[in-house]
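Computation of the quantities below employed the complete heavy-atom set of this structure, encompassing side-chain atoms and omitting hydrogens, waters and symmetry-equivalent molecules. Every number for a ligand or one of its atoms is a count from 1 in the order of the listing. If you read the sequence from its start, that first residue is 1, and numbering goes on from there.
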Amino acid sequence: MEMVKEILFTEEDIKKKVKELGKQLTSDYKDKNLLLVGILKGAVPFMADLMRSIDLDLEYDFMDVTSYDGTTSLGEVRILKDISTKVEGKDILIVEDIIDTGLTLSYLTKIFQSREAKSVAISTLLSKPKRRKIDIHVKYIGYEIPDKFVVGYGMDYNEKFRALPYIGVLDEDALRK
Ligand code: IMP
Ligand code: MG
């Protein structure tokens, strides 16, 4: 793909990492009531791979959210599609593709706590720690990356590149051509 100037993680890298996370989750959630909540649309590939690497009788659902205004730091998030699964008594694991400012996840964590989930934790494939505006606890992180705009494996630039099986850095000069 000529728009991608650097491959950060190959399909093989991702597979290995997801297996590791799955193993850890299998052990951590052994005696729990696991409900995976994937955040649309970016988390779809990660969610699909992660759930199949967790050797437990789990449930999963999806949620779609949008930020009111990406430029403010209010953390206002609107729910476009909610989950239909009952939350009470469940151990929720939010599944995200990438955590940037942390505003989306800070909001989602509060929502699930207010709905009386038994526990709420976060897993993300990627994290950009330098960009954080809110200090949230992310228990399961695949990789920490520098402040670069990445695409692939669910992540997009204007809805493009989500279906790439690897994760790469977008060539912003090539986009302008
Ligand atoms: P935040 O943590 O609330 O700032 O937002 C995280 C969301 O921003 C992610 O779920 C992605 O949809 C999007 N995002 C942040 N960084 C990137 C990136 O490098 N590539 C693609 N999407 C990104
Ligand atoms: Mg997202």
Salt bridge (Lys or Arg N to Asp or Glu O under 4.0 Å) between Lys17 and Glu20, worked out: CA-CA 5 Å; Lys17 181 59 79 180; Glu20 270 171 44; 3.6 Å; yes
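- Taking the six-membered ring for Trp and thresholds of 30 and 60 degrees, Phe161 and Tyr157 have ring planes inclined between 30 and 60 degrees apart.
- Near Asp156, with a cut-off below 4.0 Å to any heavy atom, the atoms of ligand 1 are 21 (C).
- No cation-pi contact links Lys110 to Tyr107, judged by a cut-off of 6.0 Å to the six-membered ring centre and 45° from its axis.
- Here Ile39 has no heavy atoms under 4.0 Å from ligand 1, in either its backbone or its side chain.
- A side-chain donor from one of Ser119 and Asp91 sits under 3.5 Å from a side-chain acceptor of the other.
- Distances below 4.0 Å separate heavy atoms of Asp97 from the following atoms of ligand 1: 9 (C), 10 (O).
- For Asp28, the side chain to side chain contact (heavy atoms under 4.5 Å, CB included) partners two or more places apart in sequence, or in a different chain, are Gln24, Lys139, Tyr140.
- Of the N or O atoms in Leu105, none lie within a sub-3.5 Å distance of an N or O in ligand 1.
- Atoms of ligand 1 lying under 4.0 Å from any heavy atom of Lys148, numbered from 1 in the order shown and given with element: 19 (O).
- The ligand atoms of ligand 1 that sit less than 4.0 angstrom from a heavy atom of Glu96 are 10 (O).
- Between the side chains of Tyr153 and Asp49, at least one donor N or O sits under 3.5 Å from an acceptor N or O.
- Remark: distances from the non-hydrogen atoms of Lys133 to ligand 1 are all 4.0 Å or more.
- By the 3.5 Å distance cut-off applied to N or O atoms, Val151 is not counted among the residues near ligand 1.
- Taking the six-membered ring for Trp, Phe9 and Tyr143 have ring centres closer than 6.0 Å.
- Residue contacts with ligand 1 include Gly102, since one of its heavy atoms falls under 4.0 Å from the ligand.
- Set against the non-hydrogen atoms of Thr104, the atoms of ligand 1 under 4.0 Å away are 1 (P), 3 (O), 5 (O).
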